[in-house]
Amino acid sequence: MFNLFRSRDKVVRIMLTGLLGVVALSMVTYLIPGSGMDPGSTADSSVLATIGKDQITSQEVSKTVQNMTSSRQLPPALLAIYVPQIVQQMISERAMAYEANRLGISVTPDETDNAIMDSLPAQLVKDGKVDSATLAAVLQQQGMTMANLKSDTARQLMVNRLRQIIAEGVVVSPREIEAEYHRKSDKVRVQYAVLTTAKYQAEAEPTEAELKAYYDAHKATFQTTEKRSLAIILLDPGKINTPPPSDAELRKEYNANLDKYRVQERVMARHILIKSDASNDAAMKAKAEGVLKQVQSGGDFAKLAKDNSQDPGSAVKGGELGWIVKGQTVPEFEKSAFSLQPGQTSGLIKTTYGYHIIQVEKHDQAHLQPFEEVKDQLSLDYLKNESNQELQALADKASSALHADPLHPEKAAAIADTTVIHADNIQAGDPIPEIGVSKEINDAVAPLRKGDVAGPVVLAGNKVAIISVTDYQPARQATFEEAKADVRNKATQEKLQKILAQKANDLYAKAESMGGDLEKAAKEMGVEVMTSMDVDRTGAIDQIGTASAIPDAFTKPTGALIGPISVTGGRAVVKVAAKIIADPALMAGQTVTIRNDLKQKMTNDRQALFEAGLKKRLIDEGKLKIHQDVLSRLIQNYTTRS
């Protein structure tokens with residue numbers, strides 16, 4: 001929380017997340033279809049799609065993605081997956097708006113303004129009026145204007161009205177409610193026999209002839225990975241001996257950088273925050289007053305902060321905020337904190353976040369740190385700077401020498417007064433002697449061939465590596481001997497699955513020939529039979545998973561055999577042992593919930609079908625065009641980032 005109230009601009013920016021909820025894009029579950037896309041180039045290289053006279057541009061998508069990532073609605077690591085879905089949602093919204101407009105659905109300016117007002121957080125509304133200046137500033141930070149906001153809101157209202165029209169007429173019949181009640185509430189009891197992979201592992205061990213046959217049939221799938229031999233010159237800043245600086249050198253550095261050692265007036269403080277808003281201000285104020293009385297009565301401030309403060313960033317640390325300088329917090333907080341003396345505690349301080357109780361621990365006036373006070377740090381900075389300069393000089397010399405003669409790295413190593421680390425015939429991810437696994441080195445040498453040089457590459461601990469590739473072996477088809485371990489594993493799994501399938505089929509056939517006696521058939525084959533509890537579709541069955549994995553058990557009669565089915569660790573044959581039909585008398589208490597759930601599902605299905613059909617029609621009419629070349633470039637950009 002402290003990071004949030006460090007400035008008003010930032011808090012308002014966070015509040016905009018709520019504001020933009022009316023126009024924010026939701027995550028969708030459909031990827032962009034291939035149909036209707038224009039494979040050719042577009043006149044405007046930034047236009048992703050046109051819907052009538054409306055356009056969706058790369059910049060618009062990027063802005064939307066940026067807003068969603070900054071408000072943590074979208075994980076940055078998954079942008080390559082979600083960006084196509086975001087684009088598809090934007091296209092759907094524009095297509096629906098186009099259709100709504102064609103059907104004569106409209107929205108008045110007052111309706112748009114009211115929708116915006118309803119979406120605003122309380123902090124932006126005073127006496128029923130919007131703080132226009134603050135809102136404009138917030139929108140500017142998000143790359144929007146008031147005109148954009150009104151346009152987007154009006155479009156969303158039109159789309160919502162069209163969706164309401166689509167949803168009208170969705171009726172759930174009593175028969176559908178009854179069927180859904182039984183689908184959710186009926187239970188079954190099953191007998192089942194699981195044939196596990198462990199039971200037949202020994203039988204699946206392939207012979208040498210079978211291994212060779214499998215290799216011959218799948219040669220193309222067995223490839224060696226490319227390998228490189230590397231010569232690495234490693235420069236370690238810890239091994240560079242830099243003479244300590246004299247006092248004169250340090251004083252010269254100090255005098256040349258006096259501003260660096262000027263300390264602003266600052267306080268070290270801790271606080272307790274009780275959040276409030278217009279809906280609960282009186283209650284939260286009373287709570288804060290109670291905590292304040294405990295502090296004033298000698299209560300442990302740190303413990304009271306941990307137990308009561310609603311600032312998650314500082315509460316766990318007993319309310320500690322560290323050093324604060326002026327301009328870093330909201331004005332009310334700053335005024336109180338800088339007026340207190342060390343050891344003093346404030347009364348209740350009201351800010352946009354709620355009520356604060358502040359305790360100042362230290363208060364430093366603005367001053368210039370004396371030379372003696374910063375001498376040690378000056379010395380450390382001097383040594384670090386000199387070491388870095390020496391390291392850079394050595395790296396430049398070694399790199400030049402290695403580029404001149406990449407296959408004789410010892411010459412370059414001698415210039416840098418170090419030795420060569422050899423890593424022969426390694427592939428990406430292999431550990432390197434004296435270095436270990438290094439993503440930095442892997443990435444640097446990935447495009448290189450024999451005689452190429454990479455670096456300087458900065459490694460952990462500020463070590464620097466200059467690397468030459470002394471040998472390169474491209475990926476190729478592996479010989480039988482090279483691939484034998486992999487061949488054995490894959491051939492074994494294939495044979496095992498065939499054995500399991502055959503055994504399961506044999507068990508099913510045997511039980512069927514015995515009049516459905518699964519227990520007797522399984523006993524003859526040495527397989528254990530288990531019986532489940534009475535379960536509905538969400539109930540768990542040991543070794544099977546949920547009962548939904550065997551949907552036929554709920555539709556077939558008692559005594560019916562089911563399978564074989566795949567389960568974790570093997571295959572299973574199932575018999576319906578009993579069916580427990582839910583009591584119809586209990587349905588009345590669930591009717592409303594079932595009806596609402598079914599209606600929502602049917603509405604969603606109807607809207608999805610309408611949107612899909614609408615987009616197809618607009619594509620066929622030439623009203624909707626998706627420019628695949630622009631879309632591909634945009635997606636590739638996010639794929640590269642992630």
*Asks:* Could you walk me through whether Leu195 and Lys199 pass the side-chain contact (heavy atoms from CB on, under 4.5 Å) check?
*Replies:* CA-CA 7 Å; Leu195 297 90; Lys199 182 176 179 63; 5.8 Å; no

*Asks:* Between Lys495 and Glu205, is there a side-chain N and carboxylate O pair less than 4.0 Å apart?
*Replies:*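 No, Lys495 and Glu205 are not salt-bridged.
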
*Asks:* Below 4.5 Å, heavy atoms only, C-beta onward: do Leu496 and Gln201 meet side chain to side chain?
*Replies:*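 Yes. Closest side-chain heavy atoms under 4.5 Å.
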
*Asks:* Under a 3.5 Å distance rule, please check whether Asn308 uses its side chain to pair with a backbone N or O of Leu304 as donor and acceptor.
*Replies:*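 Yes, Asn308 side chain to Leu304 backbone: donor-acceptor pair under 3.5 Å.
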
*Asks:* Whether the side chain of Tyr192 engages the backbone of Asp542 through a donor-acceptor N/O pair (distance < 3.5 Å, no angle test) should be reported.
*Replies:*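 Flag set: sc Tyr192 to bb Asp542 pair under 3.5 Å.
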
*Asks:* Does this structure show an ion pair linking Glu611 with Arg163, if we count only N-O contacts that are shorter than 4.0 Å?
*Replies:*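 A salt bridge is present here (some side-chain N lies under 4.0 Å from a carboxylate O).
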
*Asks:* Less than 4.0 Å between a side-chain N and a carboxylate O, is that true for Lys498 and Glu494?
*Replies:* yes

*Asks:* Return yes if some donor-acceptor pair links the side-chain N/O of Arg537 with the main-chain N/O of Arg183 below 3.5 Å, else return no.
*Replies:*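 Yes: the side chain of Arg537 pairs with the backbone of Arg183.
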
*Asks:* Would you say the side-chain atoms of Thr197 pair up with the backbone N or O of Gly570, donor to acceptor, closer than 3.5 Å?
*Replies:*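 No, Thr197 side chain to Gly570 backbone: no donor-acceptor pair under 3.5 Å.
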
*Asks:* Once side-chain hydrogen bond (donor to acceptor under 3.5 Å, both in side chains) is applied, do any residues pair with Glu99, and if so which ones, sequence neighbours excluded?
*Replies:*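 Listed in chain order: Arg102, Arg617.
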
*Asks:* Using the side-chain contact (heavy atoms from CB on, under 4.5 Å) rule, take Ile166 and Leu162 through it: C-alpha gap first, then chi angles, then the decisive distance, then the call.
*Replies:* CA-CA 6 Å; Ile166 296 167; Leu162 177 55; 4.1 Å; yes

*Asks:* May I have the step-by-step check of side-chain contact (heavy atoms from CB on, under 4.5 Å) for Gln477 and Phe222, ending in yes or no?
*Replies:* CA-CA 6 Å; Gln477 183 178 300; Phe222 297 104; 5.7 Å; no

*Asks:* For the residue pair Val527 and Val194, establish whether any side-chain heavy-atom pair is separated by less than 4.5 Å.
*Replies:* no

*Asks:* Does atom NZ (Lys599) have a neighbourhood of more than 12 heavy atoms from anything else shown, all under 6.0 Å?
*Replies:* no

*Asks:* Does any N or O in the side chain of Thr221 come within less than 3.5 Å of the main-chain N or O of His218, such that one atom is a donor and the other an acceptor?
*Replies:*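 Yes, Thr221 side chain to His218 backbone: donor-acceptor pair under 3.5 Å.
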
*Asks:* I'd like to know if the side chain of Asp517 reaches the main chain of Lys520, judged simply by a donor and an acceptor atom lying under 3.5 Å from each other, with no hydrogens or angles considered.
*Replies:* yes

*Asks:* For the residue pair Asn596 and Val592, establish whether any side-chain heavy-atom pair is separated by less than 4.5 Å.
*Replies:*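 Yes - at least one pair of side-chain heavy atoms lies under 4.5 Å apart.
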
*Asks:* Indicate yes or no for a side-chain donor-acceptor contact from Arg161 to the backbone of Ser106 under 3.5 Å, with no hydrogens or angles considered.
*Replies:*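 Yes; at least one donor-acceptor contact below 3.5 Å.
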
*Asks:* Can a donor-acceptor pair be found between the side chains of Asp311 and Ser314 at a distance below 3.5 Å?
*Replies:* yes

*Asks:* Should Lys503 and Asp506 count as an ion pair when the cut-off is N to O under 4.0 Å?
*Replies:*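 Not counted as a salt bridge, because no side-chain N and carboxylate O are separated by less than 4.0 Å.
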
*Asks:* Determine whether Ile541 and Thr546 satisfy the following criterion, side-chain contact (heavy atoms from CB on, under 4.5 Å), listing intermediate values before the conclusion.
*Replies:* CA-CA 6 Å; Ile541 302 176; Thr546 60; over 6 Å; no

*Asks:* Is a donor from one side chain sitting under 3.5 angstrom from an acceptor on the other, for Asn160 and Gln156?
*Replies:*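 Side chains of Asn160 and Gln156: pair found under 3.5 Å.
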
*Asks:* Counting C-beta onward and ignoring hydrogens, is there a side-chain heavy-atom pair between Pro557 and Val576 closer than 4.5 Å?
*Replies:*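 The answer is no; the side chains never approach within 4.5 Å.
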
*Asks:* Taking Lys303 first and then Asp307, would you say they form a salt bridge - that is, a charged N and a carboxylate O separated by under 4.0 Å?
*Replies:*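 Yes, this pair counts.
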
*Asks:* Check whether any side-chain heavy atom of Ile562 sits under 4.5 Å from a side-chain heavy atom of Lys556, and report yes or no.
*Replies:*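 Heavy-atom side-chain distance check passes, below 4.5 Å.
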
*Asks:* Is it true that Gln493 and Asn489 share a donor-acceptor pair across their side chains at a distance under 3.5 Å?
*Replies:*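 No.
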
*Asks:* Taking it one step at a time, do Asp597 and Lys601 satisfy salt bridge (Lys or Arg N to Asp or Glu O under 4.0 Å)?
*Replies:* CA-CA 6 Å; Asp597 289 347; Lys601 180 180 183 304; over 6 Å; no

*Asks:* Looking at Lys187 and Asp536, does any basic side-chain N land under 4.0 Å from a carboxylate oxygen?
*Replies:* no

*Asks:* Would you say Thr153's side chain and Ile116's backbone share a donor-acceptor pair under 3.5 angstrom?
*Replies:*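 Here the side-chain-to-backbone pair does not exist.
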
*Asks:* Would Glu178 and Arg175 pass as an ion pair if we require N to O under 4.0 Å?
*Replies:*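 Arg175 and Glu178: not salt-bridged.
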
*Asks:* Short question: side chain of Ser185, backbone of His182 - any donor-acceptor pair under 3.5 Å?
*Replies:* no

*Asks:* I'd like to check Met158 versus Met96 (side-chain heavy atoms, cut-off strictly below 4.5 Å). Are they in contact?
*Replies:* no

*Asks:* Does a side-chain heavy-atom distance below 4.5 Å link Ile86 with Met90?
*Replies:*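 Heavy-atom side-chain distance check passes, below 4.5 Å.
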
*Asks:* Taking side chain as C-beta onward, heavy atoms only, is Met530 less than 4.5 Å from Gln191?
*Replies:* no

*Asks:* Is it true that, when you exclude Glu210 itself, more than 12 heavy atoms of the residues, nucleotides or ligands shown sit nearer than 6.0 Å to its CD?
*Replies:*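 Enclosed: over 12 neighbouring heavy atoms sit under 6.0 Å from CD of Glu210.
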
*Asks:* Quick one: do the Gln89 and Ser92 side chains pair a donor with an acceptor below 3.5 Å?
*Replies:* no

*Asks:* If you count every heavy atom of other residues, nucleotides or ligands that lies below 6.0 Å from Met533 atom CE, does the total exceed 12?
*Replies:*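 No, because the 6.0 Å sphere around CE of Met533 holds 12 heavy atoms or fewer from other groups.
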
*Asks:* Regarding Lys575 and Glu512, does a basic nitrogen lie under 4.0 Å from an acidic carboxylate oxygen?
*Replies:*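 Not counted as a salt bridge, because no side-chain N and carboxylate O are separated by less than 4.0 Å.
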
*Asks:* Under the 3.5 angstrom rule, does the side chain of Asp430 hit a backbone N or O of Gln427 as a donor-acceptor pair?
*Replies:* yes

*Asks:* More than 12 foreign heavy atoms under 6.0 Å from NZ of Lys285: is that the case here?
*Replies:* no

